[in-house]
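All remarks here apply to the structure that follows.
Both backbone and side-chain heavy atoms feed into the values below; hydrogens, waters and symmetry mates do not. Naming: A, B, ... by sequence-line order, numbering from 1 per chain.
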2 protein chains.
Amino acid sequence: MMVTLKMQTNKENLLSQGVQLLMQQGYHGTGLKEILDAVQIPKGSFYNYFPSKESYAAEVIQYYIAPFIEQLGSHLENSKLDGLTALKTYFDELIVELEQANFKGGCLLGNLMGEIGDTSDLCQQSLRLAVHQYRELLATGLRKAQMEGTVRIDKSADDMADLLVNTWQGALLRMKIEQSADPIKQCCHDLLDDYFSV
Amino acid sequence: MMVTLKMQTNKENLLSQGVQLLMQQGYHGTGLKEILDAVQIPKGSFYNYFPSKESYAAEVIQYYIAPFIEQLGSHLENSKLDGLTALKTYFDELIVELEQANFKGGCLLGNLMGEIGDTSDLCQQSLRLAVHQYRELLATGLRKAQMEGTVRIDKSADDMADLLVNTWQGALLRMKIEQSADPIKQCCHDLLDDYFSV
DNA sequence: AGTTAAGAAACGACCAGTCGTCTTGAGTGT
DNA sequence: ACACTCAAGACGACTGGTCGTTTCTTAACT
């Protein structure tokens, strides 16, 4: 009982630390030793928790996206906000967080899609799953906004959600090299305030 | 005289091979040995051509973007095509190339922005320069299209060029994990055929 | 008693980068 | 036109360190 509990917190620590390090340094740029040192777990123990670095990364991806799904979901369920406002509020929060992080890291999904999205099957699957979940939630919000009359209905919510996800990811890349929040702010403005709007 | 000529072709071979390998495997995922073996240059000679792997990558970035600038530029200078058609034609060509590559690699700029865009100063500078050149050329095309009356004038060509670059990059990431050309096709359609259009 | 995790040590392979030797060809003096 | 000089590129072995992974003994819990 105790042992499995300890194991679970160890595993969570590994995943949590993995989010930080993999996001900032990438997959190949981060060694297991660095992760293990940070959470004070000896190297030999790692393979009690994960079968390989690759499948560890695949789990980190899911661990990373869950809070974003939750955060966006709770905004959409907030009955005080209409769908479009909920989306805008959510992205505004993300922008603040990214500014506080001084534009370091960006998005783990975007970074890993570029680095290993087409070379690691395991991570590709995990990335696809994570992006699809996220995209689906955005589409739900856009559908709600369509019914509320604040978003155009001549484009499908699914297509707009894809466009929003992709533009956001591209804007995050730009943010990293410009060291500025302008690209991500522009992304939200162009799409949410203009293109999607009725 | 001969020696500098040989040096130049060696250097170009290194850059050309670097484009391929860095695009497909990333910066940290590609070892110098792998590059050097591919172009049959011994390890010790590498540092006669480049002071470090990092500055090599920075040069690879410029070597990579040049042909794209040239290709897009020649389309824009083609007097038979209006600006908007030139842009569409250019991106259609890119899509064909990416399909032929089976969606492997994507764009070196996007991949490196995500992986080392905020950790390597040298590469960040090089990436910024490359993206700015590219963005400026797209803006030129969009400005031309505005004057021809095929693109809306209530948004600045610069802003639209940024949006186009960013969305394209995000769509390339999606392409890599979906293993499909749909995201990049959708990107062109949404922006060039719809949002930018009058 | 039996199962499983913890943990240390070590595995071979590979990393970016360096060092000193070898080779080459341009420049100079004749 | 030829021989000599000498800097500069070519080159491969080697550096210390790190990579992901495995092995095996010890310890703890059921």
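- Here dA5(C) presents its P atom at 11 Å from NZ of K11(A), a figure rounded to the nearest Å.
- Judged by closest nucleotide on DNA chain D, E34(A) is the one of G44(A) and E34(A) placed further toward the 5' end.
- In this structure, E115(A) does not pair ionically with K176(B), as no charged nitrogen and carboxylate oxygen lie closer than 4.0 Å.
- Taking atom OH of residue Y47(B) and atom P of nucleotide dT21(C), one finds them 21 Å apart after rounding to whole Å.
- Y49(A) comes within contact range of the sugar-phosphate backbone alone, with a heavy-atom separation under 4.0 Å but no base atom that close.
- In terms of the salt bridge (charged side-chain N to carboxylate O under 4.0 Å, His left out) criterion, residue partners of K185(A) (sequence neighbours excluded) are, by chain and number, E99(A).
- Here the P atom of nucleotide dC11(C) and the CG atom of L32(A) are 19 Å apart, to the nearest Å.
- In this structure, K33(A) does not reach the dT18(D) phosphate: none of its side-chain N or O atoms is under 4.0 Å from OP1 or OP2.
- Straight-line distance from the NE2 atom of H28(B) to the C1' atom of dT18(D): 13 Å, rounded to whole Å.
- To the nearest angstrom, C1' of dA6(C) lies 16 Å from NZ of K43(A).
- L129(A) and L138(A) are members of different hydrophobic clusters when ILVMFWY side chains are connected at heavy-atom separations under 4.5 Å.
- For the residue pair N48(B)/S45(B), the side-chain donor-acceptor check at 3.5 Å is not satisfied.
- For S45(B), whose side chain is taken as the heavy atoms from C-beta onward, the closest listed nucleotide among dA6(C), dT21(D), dC11(D) is dC11(D).
- Per the geometry, CD belonging to Q25(B) stands 10 Å off P belonging to dC15(C), to the nearest Å.
- What separates CG of L36(A) from P of dC19(D) is a distance of 10 Å, to the nearest Å.
- For the pair N48(A) CG and dA6(C) P, the interatomic distance rounds to 5 Å; values are reported in whole Å.
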